[in-house]
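In what follows, every heavy atom counts, from backbone to side chain, and hydrogens, waters and symmetry copies are set aside.
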Amino acid sequence: MNHDPGPRSDLVGFGIDLTVEEARRRAEVVAALGPDWDPVAVLREEEAAHALLYSGLDEQQQRIHAMLVEAGVLPGEVPGRASSA
């Protein structure tokens, strides 16, 4: 015999706000990076490495690179990206 008791009234809603934990986690990450961490310098070095990686491409390689950028496989020049200047 199958008896459905209906909705359970003994269930209690439960929610957790992880905002404080996320802020703590981020603070720990920044602390672990140390006082010498320079995010602007890191981004500039990354841009310089990207430019060096794709420098000196021949014509066919440039076409393939452009095709891969257009397809979203490789990152292109995007606004907000660090400048190597």
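A distance of 9.0 Å separates CG of Asp38 from CG of Leu43, quoted to the nearest 0.5 Å. Rounding to the nearest 0.5 Å places CG of Asp58 at 13.0 Å from NE2 of His65.
The two residues Gln62 and Leu57 come nearest to each other via the heavy atoms NE2-O, 3.1 Å.
Note on Val69: it clusters hydrophobically with Val73, by side-chain heavy-atom contacts below 4.5 Å among ILVMFWY residues. Hydrophobic clustering keeps Trp37 apart from Val40 (ILVMFWY residues linked when any side-chain heavy atoms are closer than 4.5 Å, directly or through intermediates). When hydrophobic clusters are built by joining Ile, Leu, Val, Met, Phe, Trp and Tyr residues whose side-chain heavy atoms come closer than 4.5 Å, directly or via intermediates, Ile16 is not grouped with Val12.
The existence of a salt bridge linking Arg25 and Glu21 is excluded, since no basic side-chain nitrogen approaches an acidic carboxylate oxygen closer than 4.0 Å.
In terms of modelled atom types and a separation under 3.5 Å, the side chain of Glu22 and the main chain of Thr19 share no donor-acceptor contact.
Between Leu68 and Ile64, the closest side-chain pair of non-hydrogen atoms falls below 4.5 Å.
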May I have the step-by-step check of salt bridge (Lys or Arg N to Asp or Glu O under 4.0 Å) for Glu59 and Arg63, ending in yes or no?
-> CA-CA 6 Å; Glu59 191 176 311; Arg63 279 195 313 272; 3.3 Å; yes

Derivation and outcome, salt bridge (Lys or Arg N to Asp or Glu O under 4.0 Å), residues Glu47 and Arg44 | CA-CA 5 Å; Glu47 181 64 25; Arg44 284 195 178 122; over 6 Å; no

